[in-house]
Undergrad: 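Structure incoming, see below.
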Amino acid sequence: MKIGIFDSGIGGLTVLERLLKEGFSQSYIYLCDNKNSPFGNKKIEEIKDLVSKGVKTLISKGVDLVVLACNTASVTCLSEVKTKFSIPVFGITPPLSEGEKPRAIFSTSATAKAIEKKAVDWDIIPLSFLASLLDFDFSSREIFSYLDKNLPKENYKTVVLGCTHFPFAKSIFKDKYPQAKILDGGDILIQNLSLFFDKIRGNPLVEIEFIFTGEDKTEYSFSALKFLLEGQ
Ligand code: DGL
């Protein structure tokens, strides 16, 4: 089974890492819509349009299933996209059902707006530039400075990383909120995928093809994936 992964940048790699560790498939196509990144600062209609185009491209490349490895795309139009295409489409959304208080969700601006009404008793903190900074250089010092300025000084007990890019900076969130349980939507996505098909285990050979709508960032993407797989 060939799995298509869709995101605006390197965020989807944090999802791909999970899928690789779970051994769901031996074949992946990663579509990075970097020409149109970041999604998180765009209007809903534009995001919907980009997601539809992305899914169409992945279907034309022969994938059997698509994962919207992007919270912004999923909260904006997952249910719509699911009904629009003939192949299964999965997505990742911020887990908001549980979590000790005080609690916070960090996301893009578009996700923050979309979950506003649902996320009762959560501090919703948009970090509008973090995804772009990580796409540029996930190991840069600027990421630390940006988060140092923008993360509230609170003693959070639960922190949700509601953008797939943000786990690249997980160690900074951990340092800032040492008491917090740090969550993202990955576990629920894995559960949903597990129900869908049996894992193929034991074959370490995996083929990953990258497609970029903008500049070719294959080398950067492989080094980012290596960083995740080797543990931060
Ligand atoms: N990685 C994405 C997310 O989970 C989108 C980042 C962006 O393009 O703004 O929301």
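In each ligand, atom 1 is the first atom listed, and ligand 1 is the first ligand listed.
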Undergrad: I need the atoms of ligand 1 closer than 4.0 Å to a non-hydrogen atom of T164, numbered in the order shown.
TA: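 Checking each atom against T164, I get 1 (N), 2 (C), 3 (C), 4 (O).
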
Undergrad: Does the side chain of S128 come under 3.5 Å of the side chain of S109 through a donor N or O and an acceptor N or O?
TA: yes

Undergrad: Which protein non-hydrogen atom lies closest to atom 10 (O) of ligand 1, naming both residue and atom, and how far is it?
TA: T72 OG1, 2.5 Å

Undergrad: Which ligand 1 atoms are under 4.0 Å away from a heavy-atom of T108?
TA: 6 (C), 9 (O), 10 (O)

Undergrad: For ligand 1, find out whether one of its N or O atoms is nearer than 3.5 Å to an N or O atom of T111.
TA: no

Undergrad: Pairs of nitrogen or oxygen atoms closer than 3.5 Å, one from A131 and one from ligand 1: do any exist?
TA: no

Undergrad: Starting at CD of E100, measure out to OH of Y156 and round the result to the nearest 0.5 Å.
TA: 14.0 Å

Undergrad: Give the residue and atom name of whichever protein heavy atom lies nearest to atom 5 (C) of ligand 1, and the separation in Å to one decimal.
TA: C70 SG, 3.6 Å

Undergrad: Going by the order shown, which atoms of ligand 1 are within less than 4.0 Å of some heavy atom of D7?
TA: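 The atoms of ligand 1 under 4.0 Å from a heavy atom of D7 are 1 (N), 2 (C), 5 (C).
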
Undergrad: With heavy atoms of S8 as the reference, note each atom of ligand 1 found under 4.0 Å away.
TA: 5 (C), 6 (C), 7 (C), 8 (O)

Undergrad: Establish, for the pair K82 and F90, whether the NZ or CZ atom is under 6.0 angstrom from the six-membered ring centre and no further than 45 degrees off its axis.
TA: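 K82 over F90 ring: yes.
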
Undergrad: How about F39 and F6: are their ring centres within less than 6.0 Å of each other?
TA: yes

Undergrad: Going by the atom numbers of ligand 1, which of them fall below 4.0 Å from some non-hydrogen atom of G40?
TA: 7 (C), 8 (O), 9 (O)

Undergrad: Classify the ring geometry of Y146 against F129: parallel below 30°, tilted from 30° to 60°, perpendicular beyond 60°.
TA: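 If you compare the ring of Y146 with that of F129, the planes turn out perpendicular.
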
Undergrad: May I ask you to check whether F227 and F138 place their ring centers less than 6.0 Å from one another?
TA: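 Close enough - the centres of the two rings lie under 6.0 Å apart.
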
Undergrad: Pick from T108, L133, D135: which one makes a side-chain contact (heavy atoms from CB on, under 4.5 Å) with H165?
TA: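 Checked T108, L133, D135 against H165; only one passes side-chain contact (heavy atoms from CB on, under 4.5 Å): D135.
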
Undergrad: For ligand 1, which atoms have a heavy atom of P38 less than 4.0 angstrom away?
TA: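 Contacts of ligand 1 toward P38, numbered from 1: 7 (C), 8 (O), 9 (O).
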
